[in-house]
S.K.: 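Before I ask anything, let me first share the structure, which is written out below as structure tokens.
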Amino acid sequence: MLEETTRDVVLEPLDDWIVVEPLDDSETASGLIVPINEGAQTRQAIVAAVGPDVESIDPGDKVLFPRDAGFEVRLARSSHRVRVLKREDLLARIHD
């Protein structure tokens, strides 16, 4: 039997890709994702990482993007979900 090892997975975007952590979803204890505003055409997120070709956006920025843009990714065995987008998919930076 092989011994299972665990490691933290770090998602490093390439080229002009961006990893964001969406802000407008809430997750129930059972893991069900419930959109706070299903009718909204856009979502807000915090930028977690940017690829080397991305300009004018930095990790920690709050951004706006179309609801269906990019790809949802679940990291490792956790319920932590992120979204991977192209830089061109971002609509705006949000200043609170």
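Values in this document were obtained by computation on a predicted structure and should not be read as measured data. By convention here, the first residue in the shown sequence is residue 1.
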S.K.: Could you list the donor-acceptor pairs under 3.5 angstrom formed between side-chain atoms of residues 12-23 and any protein atom two or more places apart in sequence or on another chain?
M.R.:
from: D16; atom 1: OD1; to: K86; atom 2: NZ; distance (Å): 2.8

S.K.: Which heavy atom of R67 sits nearest a heavy atom of R83, and at what distance?
M.R.: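 Heavy atoms only, the tightest pair is O-NH2, 4.0 Å.
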
S.K.: If I take atom CZ from residue F65 and atom CG from residue L85, how far apart are they, to the nearest 0.5 angstrom?
M.R.: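 One finds 5.5 Å between CZ of F65 and CG of L85.
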
S.K.: Between atom NZ of K62 and atom CG of D96, what is the distance when rounded to the nearest 0.5 Å?
M.R.: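 One gets 3.5 Å once the value is rounded to the nearest 0.5 Å.
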
S.K.: Would you sort out whether V82 and L11 count as a side-chain contact (heavy atoms from CB on, under 4.5 Å), showing the intermediate values?
M.R.: CA-CA 9 Å; V82 296; L11 199 56; 3.9 Å; yes

S.K.: Are R87 and I57 side-chain neighbours, meaning at least one heavy-atom pair lies under 4.5 Å?
M.R.: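 R87 reaches I57 side chain to side chain.
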
S.K.: Considering non-hydrogen atoms only, spot the tightest contact between P59 and A48 and give its length.
M.R.: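 Residues P59 and A48, closest heavy atoms: CB-O, 3.8 Å.
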
S.K.: Any pair with a residue in residues 51-61 that passes salt bridge (charged side-chain N to carboxylate O under 4.0 Å, His left out), sequence neighbours left out, goes on the list, sorted by first then second residue, please.
M.R.: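 Qualifying pairs, neighbours excluded: D61-R93.
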
